2 protein chains.
Amino acid sequence: MLFSRLPPESFDQLLQPIDNERHHAGSVLYKEGCVGKEIFSIRSGLVKLIRLGLDGSERVVRLLGKGAVVGLELLDQGEVYKHTAVTLQTVDLCRIPKVTLFDLERHHPELCVTVRQKLQYHVDRADHWIEHLNTGKARSRIAELLLLLAEIGADSNGDIELVSRDDMASIAGITKETASRIIAEFKRHRLLYRVAANNTHRIQAEMLRELIQRESQSD
Amino acid sequence: MLFSRLPPESFDQLLQPIDNERHHAGSVLYKEGCVGKEIFSIRSGLVKLIRLGLDGSERVVRLLGKGAVVGLELLDQGEVYKHTAVTLQTVDLCRIPKVTLFDLERHHPELCVTVRQKLQYHVDRADHWIEHLNTGKARSRIAELLLLLAEIGADSNGDIELVSRDDMASIAGITKETASRIIAEFKRHRLLYRVAANNTHRIQAEMLRELIQRESQSD
DNA sequence: CGCGCTTTTGATCGTCTTCAACTTAGGTGG
DNA sequence: CCACCTAAGTTGAAGACGATCAAAAGCGCG
């Protein structure tokens with residue numbers, strides 16, 4: 001994670017502690033516009049970053065999993081968070097005070113590069129979001145979403161936990177009804193099926209990719 | 001720009017030069033997937049970053065103007081560019097070899113923070129893109145686009161240079177015909193009008209914002 | 001078991017896409 | 001300087017896709 005390249009003794013005399021925490025699904029890590037002093041490194045589970053519209057509607061702008069760091073905007077850009085961060089599953093994370101990061105950075109300048117890489121990851125994810133989750137027909141977008149979930153949120157078996165239809169809708173820029181219909185269609189065609197009592201699902205990644213290709217060439 | 005906080009003498013003995021260049025509209029700065037050794041700091045004019053789809057279609061993922069730096073992915077992330085960068089207008093820029101940046105960074109560790117801020121800017125722009133240019137009805141999106149152009153690309157009079165209908169379409173995730181119709185409608189309602197022989201236009205920012213609000217509450 | 005919430009499904013409606021024809025603008029060469 | 005050519009933009013008509021509204025079904029939980 002963020003500090004994996006630092007020697008253990010660097011942590012001996014920190015002014016503020018780095019906490020490990022476990023959150024259940026639906027926990028709000030922080031809110032858009034609120035002053036904050038902590039960033040979060042995700043050890044496991046999925047977190048969504050959302051923006052609230054004037055009318056109260058929410059738009060998901062990023063899904064982040066293991067290894068990602070959220071709240072980095074606090075470092076270079078003022079004291080308020082730019083998104084609301086909500087856990088989508090049970091999430092294990094480190095809560096890192098911003099001052100702690102500054103402390104460590106003073107003795108380990110190379111940490112700045114690590115942070116930059118974490119930021120670059122956000123850029124890459126955002127670009128991918130625009131290109132794949134907000135482009136093309138609804139069917140393709142949901143297919144892309146399933147592939148994304150498999151990429152960043154798969155368990156040891158490669159299985160995924162589906163997000164709510166509302167979240168799917170807000171991710172893909174469609175309505176929850178459309179999302180529901182498409183998921184139902186995918187299940188009927190066996191592109192997606194449940195493998196446990198909870199909402200653990202398995203996807204046919206290759207067939208989903210073929211579907212995406214078909215949809216785009218017909219346009 | 002990127003080096004504004006560095007002392008002038010830092011540039012005396014650089015191994016490689018920093019060039020100032022002027023490009024006309026339609027110039028390709030670099031291509032997605034190509035190995036590159038230079039980043040670009042924009043002094044004036046607009047640049048688009050695009051991603052190419054499997055079918056040859058292009059998707060604009062960012063518009064950048066004065067002060068933005070493009071190609072930063074080379075620093076932390078391998079040697080190839082992740083987008084194709086194309087100038088939309090006459091653009092003045094600095095071409096900065098990546099090794100030069102590393103050189104300078106060695107003697108000026110604070111430069112790393114500056115780079116981080118430039119990256120954070122990309123994240124902010126990408127989030128804004130998702131929230132405003134890829135959400136809601138086509139009319140709102142085009143209105144948002146005009147506001148964006150005014151924000152990052154306005155001249156000293158606050159006037160903007162319109163982008164092509166194709167670019168509008170690729171930015172907002174709609175078709176060029178729809179973009180054309182909406183621009184025509186805006187002109188009819190005097191939300192937008194030409195102020196010179198070239199395509200310099202003036203917008204009624206406040207009325208556009210009202211339009212956006214109206215559209216979203218009726219959903 | 002009943003309550004509330006999410007999901008599903010259906011029917012209708014509106015927006016945007018698509019395809020095609022036409023117009024305009026810009027650039028080149030006669 | 002104008003005729004021509006090509007690319008960009010405009011406009012219309014048709015149809016598709018997704019949104020919307022409404023109702024029913026499924027599900028978790030007290």
Side-chain angles (χ1 to χ4, degrees), chain A residues 24-26 53 55 57-59 86 88-90 133-145 161-189 192-194 196-201 211-212 214-219, chain B residues 24-26 55 57-59 86 88-89 133-145 161-189 192-194 196-201 211-212 214-219:
Chain A
H24 291 291
D55 50 349
S57 63
E58 78 173 51
R59 181 74 158 98
V86 182
L88 289 176
Q89 310 167 348
T90 299
L133 299 173
N134 282 305
T135 304
K137 302 243 166 74
R139 205 172 285 104
S140 304
R141 299 187 188 192
I142 296 296
E144 292 277 9
L145 170 56
E161 199 169 322
L162 287 188
V163 300
S164 76
R165 301 299 174 270
D166 271 311
D167 282 332
M168 288 185 188
S170 172
I171 289 165
I174 58 179
T175 59
K176 58 177 182 293
E177 291 92 337
T178 300
S180 175
R181 277 183 246 268
I182 291 171
I183 289 295
E185 184 189 321
F186 282 0
K187 285 180 179 171
R188 249 179 278 125
H189 295 354
L192 172 72
Y193 50 89
R194 191 148 63 154
N198 50 43
N199 70 348
T200 303
H201 289 254
L211 178 145
I212 292 165
R214 274 199 307 279
E215 293 272 337
S216 73
Q217 73 193 37
S218 69
D219 280 349
Chain B
H24 290 291
D55 49 349
S57 63
E58 77 174 51
R59 181 73 157 98
V86 182
L88 290 176
Q89 310 165 348
L133 299 175
N134 282 304
T135 304
K137 302 243 166 75
R139 205 170 285 106
S140 306
R141 298 186 190 193
I142 296 296
E144 292 277 8
L145 170 56
E161 199 169 322
L162 286 189
V163 300
S164 77
R165 303 296 175 272
D166 272 309
D167 282 332
M168 289 184 188
S170 172
I171 289 165
I174 59 180
T175 59
K176 59 176 183 294
E177 291 92 338
T178 300
S180 175
R181 278 182 245 269
I182 291 171
I183 290 294
E185 184 188 322
F186 283 179
K187 285 180 178 169
R188 249 178 278 123
H189 296 354
L192 172 72
Y193 51 88
R194 192 150 62 154
N198 50 42
N199 70 348
T200 302
H201 289 255
L211 178 147
I212 292 165
R214 274 199 306 280
E215 292 274 336
S216 73
Q217 73 193 32
S218 68
D219 281 350

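Remember, predicted model here, so these are calculated numbers, not experimental data.
Between the side chain of A:Asn199 and the backbone N or O of A:Glu161, no donor-acceptor pair lies under 3.5 Å. Between the A:Arg59 side chain and the B:Thr135 main chain, no donor and acceptor come within less than 3.5 Å of each other. Without hydrogens or angle criteria, A:Ser170 side chain to A:Glu58 main chain gives a donor-acceptor distance under 3.5 Å.
For the segment residues 174-181 of chain A, residues with any heavy atom less than 4.0 angstrom from an atom of DNA chain D are, sorted by number, A:Ile174, A:Thr175, A:Glu177, A:Thr178, A:Arg181. Within a heavy-atom distance below 4.0 Å of DNA chain C, no residue of residues 164-172 of chain B is found.
At least one side-chain heavy atom of B:His201 sits less than 4.5 Å from a side-chain heavy atom of B:Lys187. Counting heavy atoms from C-beta outward, B:Leu162 and B:Met168 have side chains that approach closer than 4.5 Å. Taking the side chain as every heavy atom from C-beta outward, A:Ile171 and A:Ile142 never approach each other to under 4.5 Å.
Atoms CG (A:Leu162) and P (C:dT6) sit 16 Å apart, rounded to a whole Å. In this structure, A:Asn199 places its CG atom 12 Å from P of D:dC27, rounding to the nearest Å. At whole-Å resolution of the value, CD1 in A:Ile183 and C1' in C:dT9 are 15 Å apart. Atoms NZ (B:Lys187) and P (C:dT24) sit 13 Å apart, rounded to a whole Å. Distance CD1 (A:Ile142) to P (D:dA19): 10 Å, rounded to an integer number of Å. What separates CZ of A:Arg139 from P of D:dA19 is a distance of 12 Å, to the nearest Å. As rounded to whole Å, 12 Å separates atom C1' of D:dG15 from atom NZ of A:Lys137. Across the protein-nucleic acid pair, B:Asn198 atom CG and C:dG27 atom P stand 13 Å apart, rounded to whole Å.
Checked against side chain to side chain contact (heavy atoms under 4.5 Å, CB included), B:Ser57 has the following partners two or more places apart in sequence or in another chain: B:Asp55. The side chain to side chain contact (heavy atoms under 4.5 Å, CB included) check on B:Ala143 picks up B:Phe186, B:Leu208, B:Leu211, B:Ile212, with sequence neighbours excluded.
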Item to check | Pair B:Arg194-B:Thr200, side-chain contact (heavy atoms from CB on, under 4.5 Å): steps then yes or no | outcome: CA-CA 6 Å; B:Arg194 192 150 62 154; B:Thr200 302; 5.9 Å; no
Side chains of residues 175-185 of chain B: which donor-acceptor partners sit under 3.5 Å, not counting sequence neighbours?
unit_1   : atom_1 : unit_2   : atom_2 : d
B:Thr175 : OG1    : B:Thr178 : N      : 3.3
B:Thr175 : OG1    : B:Thr178 : OG1    : 3.0
B:Glu185 : OE1    : B:Arg139 : NE     : 3.4
B:Glu185 : OE2    : B:Arg139 : NE     : 2.9

Identify the pairs formed between an N or O of the protein and an N or O of nucleotides 28-30 of chain D at a distance under 3.5 Å, and give each distance.
none

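Between the NE2 atom of A:His24 and the CG atom of A:Leu88 there is a distance of 15.0 Å, given to the nearest 0.5 Å.
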